[in-house]
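Worksheet: one structure, shown below.
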Amino acid sequence: MQKNNLTAVTEFFLLGFQGRHGFRIFLFCLLLVVYCGTICGNLLIIVLVSTSRNLHTPMYFFISQLSITDIMLSTNIVPKMLHILLNNGGTITYFGCITQFCVFGTSETSECYLLTVMSYDRYVAICNPLRYSSIITSAYCVKLSIICWFLSLFVILTNRLTTSFLTFCGSNIIDHFFCDLVPLLDIATSGTFIPETEVYILSPFLLIVPVIIITISYIKIIAIILRIPSSINRQKAFSTCSSHLVVVSIFYCTMLSVYLLPTRKSPKISKILSLLYTVFTPFINPIIYSLRNREIMKALHETVHRHINL
C-alpha cells in the first residue's frame, strides 16, 4: 500500500506485535483483562472522589483528573490494539490515525502537567501546611486543571499542524500498534524538518521542565520530612506523597526512555516501552492510589456498606 502524500492517504497499516498465533492470543487476553481493570479502577476512583465528602480535597481532585486521562489513553489505544492482535495487523483510516494521535497526545500531555501540579500540591501541603488551605483552594485547583488541559490541547493542535507538512511517497505501513509521531516520521519521505524541529522545541516544556519541577519539589519535601523529629510523623508525612512519587517514577521513566533514548533503531524495545506507559501505567495508577491510601479504602468500604444497607 503506497500513497503519494499525507492528504491523499486513505488508510495506514499497523503491524502491532508480530508473532505466533498462541502468543498473540495470550497477549490479547492479558491486555483485555488489563483494559477492563483500568476502566473499572479509574471509574471507581472518579466515583469515590465525586461522592465521598472525605475525598473532597485538592489532592483527590487531581487524582480524579489523572484517572480521566488514564481512561482516555486506554480507550484510545487498547481497543484498536486488541483488533490488531486478533488479525495479526490491521488498517486504520487517515482520519482515525490523526484522531488517535491527537487524543493520545492530549491525554499524555495532560498527565505530564497534572503530575507536575500534584507535586506542587504536595510541596505546599508539607512545606507550608499552615497556608495550604488558603493557597490551594477549590477554585485554584479548577484553574490549574483547566490550564493543564488547555496547554495539552495547544500542544496537540501544534502537532497536528506540523504533521500536515509530512509527505509519503513509499510505504504507509506503520511498525507500531498505534499512531504516534515517531512512527509517522519514520515512514515519511519528506517534510520531516518542521515536525522534528517542533519536537526539539516542545520536548523541554513537555518532559524536561516538569521533571525538573517535580525533582525540586521532592528534594524540598524530603528535606522538610527529614527535619521532623518524630519517626511516626515522618512516616505520616512521607505516606501522603509516596503514591504520587511511585506514579511519577513509573510514568516519566518509560516516557523518557521512549522519546529521549535512542530506541528508534530498535522498534521492539520502543513498542514494549510504549506498551508500559500506554497500557500498564493507567492500570497500575488506581491500584497504587487505592492500596496505598487509607482514605480511599475507607471511602470504598463506606460506599459498599451504604449500598448493602440500602
Side-chain angles (χ1 to χ4, degrees), residues 27-82 103-104 106-119 121-122 125 136 138 141-142 144-146 148-149 152 178 236 238-252 254-255 275-310:
L27 192 58
F28 173 86
C29 296
L30 175 63
L31 294 179
L32 180 61
V33 172
V34 169
Y35 177 62
C36 293
T38 300
I39 299 301
C40 293
N42 285 288
L43 280 177
L44 179 62
I45 287 181
I46 294 172
V47 170
L48 290 176
V49 172
S50 301
T51 58
S52 178
R53 292 184 178 180
N54 294 331
L55 301 182
H56 288 175
T57 62
M59 182 178 71
Y60 294 112
F61 170 77
F62 291 126
I63 290 176
S64 66
Q65 293 294 303
L66 194 65
S67 293
I68 293 174
T69 65
D70 286 338
I71 292 175
M72 283 180 57
L73 179 62
S74 296
T75 304
N76 181 48
I77 300 293
V78 178
K80 185 64 179 180
M81 189 193 308
L82 295 176
V103 175
F104 163 75
T106 301
S107 57
E108 286 296 85
T109 306
S110 298
E111 187 157 354
C112 287
Y113 291 135
L114 283 171
L115 289 174
T116 306
V117 169
M118 290 171 70
S119 69
D121 170 72
R122 292 300 83 205
I136 311 296
S138 299
C141 291
V142 173
L144 289 175
S145 179
I146 292 174
C148 290
W149 287 102
S152 64
F178 72 99
K236 288 182 179 179
F238 187 74
S239 65
T240 62
C241 58
S242 59
S243 298
H244 177 253
L245 188 59
V246 171
V247 171
V248 166
S249 301
I250 295 173
F251 179 77
Y252 277 105
T254 53
M255 284 282 287
L275 191 68
L276 289 177
Y277 75 84
T278 58
V279 179
F280 288 100
T281 299
F283 171 71
I284 294 172
N285 285 352
I287 296 176
I288 294 174
Y289 281 121
S290 60
L291 294 180
R292 297 177 60 88
N293 194 301
R294 294 180 180 178
E295 292 181 343
I296 287 184
M297 295 302 295
K298 180 181 178 181
L300 177 60
H301 291 155
E302 291 177 351
T303 302
V304 171
H305 288 306
R306 184 167 61 249
H307 282 81
I308 290 176
N309 293 332
L310 291 177

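Any value given below was found using the heavy atoms of this structure, including those in side chains, with hydrogens, waters and symmetry copies removed. Here the structure is a predicted model, which is why all the values come from computation and not from measurement.
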### Task
State the CG-OH distance between Leu115 and Tyr252, to the nearest 0.5 angstrom.
5.5 Å
## Note on the structure
Heavy-atom closest pair (Phe61 atom, Ser145 atom, distance to 0.1 Å) is CE2-CB, 3.9 Å
### Task
Identify the two heavy atoms, one from Ile250 and one from Ile284, that lie closest to each other, and give their separation to 0.1 Å.
CD1-CG2, 4.3 Å
## Note on the structure
Asp70 and Thr38 have their tightest heavy-atom pair at O-CG2, 4.4 Å
### Task
For the pair Tyr277 and Phe104, name the ring-plane relationship: parallel under 30°, tilted 30 to 60°, perpendicular over 60°.
tilted
### Summary
One should read off an interatomic distance between Cys29 SG and Leu82 CG, to the nearest 0.5 angstrom, of 9.5 Å
### Query
When rounded to the nearest 0.5 angstrom, what distance separates CE in Met81 from CG in Asn76?
10.0 Å
### Message
For Ser152 versus Tyr113, what's the shortest heavy-atom pair and its separation?
### Response
N-CE1, 4.4 Å
### CE-CD distance between Met59 and Glu295, expressed to the nearest 0.5 angstrom
6.0 Å
### Message
Distance check, rounded to the nearest 0.5 Å: Phe251 atom CZ versus Asn285 atom CG?
### Response
9.0 Å
### Query
Shortest non-hydrogen contact from Leu73 to Pro282?
CD2-CG, 3.9 Å
### Message
How close do Ser50 and His56 get, counting heavy atoms only, and between which atoms?
### Response
O-NE2, 3.3 Å
### Query
Rounded to the nearest 0.5 Å, how far does CH2 of Trp149 lie from OG of Ser110?
4.0 Å
